[in-house]
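Here is how names work: the chains are called A, B, and so on, in the same order as the sequence lines, proteins then strands, and each is numbered from 1.
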Amino acid sequence: MVTAHDNVPRLCPLFHLKSFTCIAQLSSETLFNCTSLAEASQFYSSLIQRCIEKKSFTDATVIHTHILKFGFLHLNIGNKLTDAYFKCSCIVDARKLFDELPNRFIVTWNSMISYYINHRRSKEAILLYTRMVPEGVLPDEFTFSSVFKAFSELGLVNQGQQAHGLSVVLGLEVSNVFVGSALVDMYAKFGKMKDARLVSNRVMDKDVVLFTALIVGYNQQGDGGGALEVFGNMINQGIKANEYTFASILITCGNLEDLSVGKLVHGLAIKSGFESAVASQTSLLTMYARCGLIIDSLNVFNKILHPNQVTWTSLIVGLVQNDKAELALSKFREMIRSSLSPNSFTLSSVIQACSSLAMLESGKQIHTIVMKFGLDTDGYAGAALIDMYGKCGSTEMARSVFGTLIQVNVVSMNSMIYGYAQNGFGYEALKLFKKMKDLELEPNGVTILSVLLACKNAGLVDEGCQIFDSIRNNYKSIELTRDHYACMVDLLGRCGRLEEAEMLIKQVSNQDVVLWRTLLSACKIHGEVEMAERAVNEALDITPGDEGTHILMSNLYASTGNWSQVIEMKSSMREMKLKKNPAMSWVDVNTEVHTFTAGDWSHPRSREILETLENLMEKVKKLGYVPDARFVLQDFDEENKKRSLYCHSEKLALAFALWMTSDKTTSIRIFKNLRVCGDCHSWIKFVSKVVGREIVARDAKRFHHFKEGCCSCGDYW
DNA sequence: GTAGGGTTAG
């Protein structure tokens, strides 16, 4: 046996080897017969090979100690041992040994880099990659085919381009399709589809992976046409699509909401034998859901034998997007029962389902599940929770979730600002907007819309104007849309700056009915008949039968006593068969939603509701509430007169909730599909004082927080 | 001995 230290043949000290479990089978003859370095190297290699086969970490460490002692770390032995550590999944030891190696093989570099990339440790992968050239090792096709992913994951465009340059210099960009497709993927992830296309054109032997990377890139850029074109090219070149390709191109069809092409591709997938592949099935059910065919989507799902986490999530997302919130929730429970865990995608969708129904209680249940899976600090799940609590009027809860987020990004900021905005906390929203600047987070269009909404709901006219102007003049990167303009028109119109509001609308290139209707509604507040008539004409030019416009105008005529015009409006509405959307309120009591429409006494607890209302009426009158005269003077019998006092749906919903719940510490939440009426608004203020509880009312426009006889909107809504 | 593409969200 030899050692590397003295290069002189001598006997191997047997006692070192006794503890080797894998060596026990080697004959002692082999041990003693090593008389050259090559032989010793061969001997160690075979030992390490045994370790790899047995995946024995203990043996690997013993060999490690031994070869250190006898100085055999060089040659191929150290590299081989690194491989053994990898195969035993002992990465820390592999890295430690890697750092000790006097000479590292390219394969060892590559293994190390690819390990880091596959375990989302891109930074470490790039650090190693940048060490290669200075240490005299040139990256090869294996290095490049994995390292580009690290650049795209970290968004390092310049460094990625530099690495691309080196791969060109080394002649690997066009000659190796692995390198080529990794490059295409990187540029696609950077959103640089032109560069992706340029690389793909140069690659010599294009294959299905390269084309799929291009298709996915176009999908992510929202360019369905581009994706379909690539798919066509691929088929024309005789390259067959596989499971991954079908998964991607079906998403294209869904994004384009193109059912006919979608069905065509579905047929092709069946013909190609990928009908039962889970990935393409998942995309298939997503495609049908995007095209609005929920039944077909469910049918695809039901045929899948082993749906995975993503499949379940895709189904739930599809249901939520098609307003099937209840079904989405029940599918979610089914998913949990099948002992699959949800991820942040799943949970944010389910939370969205809760906020669309304004089901705060179910939402809270989902919140506990979010915490159970440790996702309450996750940006996406967090943003969904903030959004839900905001929509349910729980600003406090939204704020508390916001506070627990580990990393605040634009989306979670937007959710919180929007939450403040809809609940009338204008200054809080502005404060957060300022903090965003301090944190150097770049605001986007949604941020600005939320901030403007906050100003509008709190009557912060100057602040709103200032922000709007500064974005328009200095922030060319944010595109101001019709929604931003509509918000400003509302803000200016409400405070009586009608001329400015009208001027603003005229600056919008693609005007819609909403803009003019907003101005019209401002005209109604300020009794501006002349401008209102102009607005009506403009609105009806764009959407001739718009019912909102008709209703607003007839209300405006009524409020200015112009009865002949009211009659004319009403008859033209009748002719056009326009009907008012019936007012509706609902309340979530013990996770059950109870709905009430105006003047509807069909609820099984009507008697109790009426009693509660009579009881409340007596008390609020003592505090100074005066019922709106229009509701008491109608010619009804006694019973109906009593009921007509309480005809509005929000009063019924509130009374029911008060009767059902007695805990004074919890607030009551009622919801209305239209805007809350002036009389009810005043009545609820008094009720909040009488019952000593917080009452939150969400109407079509915003939230009202009633407490101690006051409302958070300051009577401005 | 080591390598590239997919499906779910705000």
To the nearest angstrom, the CD1-P distance between A/Ile251 and B/dT8 comes to 4 Å
Examine the base of B/dG4 for any acceptor or donor lying under 3.5 Å from a partner atom in the side chain of A/Asp207, and report the outcome as yes or no.
-> yes
Which is it for A/His164 and A/Phe144 under the ring pair (Phe, Tyr, Trp, His ring centres under 6.0 Å) test, yes or no, and what are the steps along the way?
-> CA-CA 8 Å; A/His164 178 191; A/Phe144 285 119; 9.3 Å; no
### Task
Would you tell me if any nitrogen or oxygen in the side chain of A/Ser114 comes within less than 4.0 Å of OP1 or OP2 on B/dA3?
yes
Mind checking if A/Asp83 touches a base, just sugar-phosphate, or nothing, with heavy atoms under 4.0 Å?
base
Atom OH of A/Tyr218 and atom P of B/dT7 are separated, to the nearest Å, by 16 Å
- Task: Give one of base, sugar-phosphate or nothing for A/Thr245, where a contact means two heavy atoms less than 4.0 Å apart.
- Result: base
- So what does A/Ser348 touch, heavy atoms closer than 4.0 Å: a base, only the sugar-phosphate, or nothing? base
Evaluate the ring planes of A/Tyr288 and A/His266, with Trp represented by its six-membered ring, and classify them as parallel (under 30°), tilted (30 to 60°) or perpendicular (over 60°).
-> perpendicular
On a plain distance test, is the side chain of A/Ser145 in donor-acceptor contact with the base of B/dA3 below 3.5 Å?
yes
Closest of B/dA9, B/dT8, B/dG4 to the A/Ser344 side chain is B/dA9
Separation between NZ (A/Lys364) and SG (A/Cys354), nearest 0.5 Å, reads 12.0 Å
Check every strand shown and say whether A/Lys189 touches a base, only sugar-phosphate, or nothing at a heavy-atom separation below 4.0 Å. sugar-phosphate
From the candidates B/dT7, B/dA9, B/dT2, the one with an atom nearest any side-chain atom of A/Phe345 is B/dA9
### Message
With a 3.5 Å cut-off and heavy atoms only, can you find an N or O donor on one side and an acceptor on the other between the side chain of A/Asn176 and the base of B/dG4?
### Response
no
Whole-Å distance, A/Asn343 CG to B/dG10 C1', equals 14 Å
Check your understanding: So, is A/Gln321 close to the B/dA9 phosphate, meaning a side-chain N or O under 4.0 Å from OP1 or OP2?
Key -> yes
Rounded to whole Å, the NZ-P distance (A/Lys87 to B/dG1) equals 8 Å
ask   = Using the rule for Phe, Tyr, His and the six-membered ring of Trp, do A/Phe178 and B/dA3 stack at under 5.5 Å and under 30°?
value = yes
Quick note, A/Val317 side chain, CB onward, closest among B/dT8, B/dG1, B/dG5 is B/dT8
Test ring pair (Phe, Tyr, Trp, His ring centres under 6.0 Å) on A/His367 and A/Tyr389 and set out the steps. CA-CA 10 Å; A/His367 191 170; A/Tyr389 282 121; 5.6 Å; yes
Taken to the nearest whole Å, CD/A/Glu141 to C1'/B/dG1 is 14 Å
From CG of A/Asn308 across to C1' of B/dT7 the rounded distance in Å is 8 Å
Hey, does the side-chain of A/Ser181 have a donor or acceptor N/O within less than 3.5 Å of a partner on the base of B/dG4?
yes
With the side chain defined as heavy atoms from C-beta on, A/Ser314 is closest, among B/dG1, B/dT8, B/dG5, to B/dT8
(Q) Students often get this wrong, so: under 4.0 angstrom with heavy atoms, is A/Lys149 touching a base, only sugar-phosphate, or nothing? (A) sugar-phosphate
Query raised in the report: With sugar-phosphate meaning primed atoms plus P, OP1 and OP2, does A/Val177 contact a base, only sugar-phosphate, or nothing at under 4.0 Å between heavy atoms?
Result: base
In whole angstroms, the gap separating C1' of B/dA9 from CD1 of A/Ile386 amounts to 14 Å
Between CD of A/Gln220 and P of B/dG5 the distance, given in whole Å, is 12 Å
Looking only at heavy atoms, the pair that brings A/Leu268 and A/Ser272 closest together is O-OG, 2.6 Å
Of B/dG5, B/dG4, B/dG1, the nucleotide closest to the side chain of A/Val107 is B/dG1
Q: Indicate whether any N or O donor in one side chain lies under 3.5 Å from an N or O acceptor in the other, for A/Thr143 and A/Asn110.
A: yes
Using a 4.0 Å heavy-atom cut-off across all strands, classify A/Asp378 as base, sugar-phosphate, or nothing. nothing
Quick one: label A/Val278 by what it contacts on the DNA or RNA (base, sugar-phosphate, nothing), any heavy atom closer than 4.0 Å. nothing
Q: Taking the six-membered ring for Trp and the single ring otherwise, decide whether the centroids of A/Phe98 and A/Trp109 are under 6.0 Å apart.
A: yes
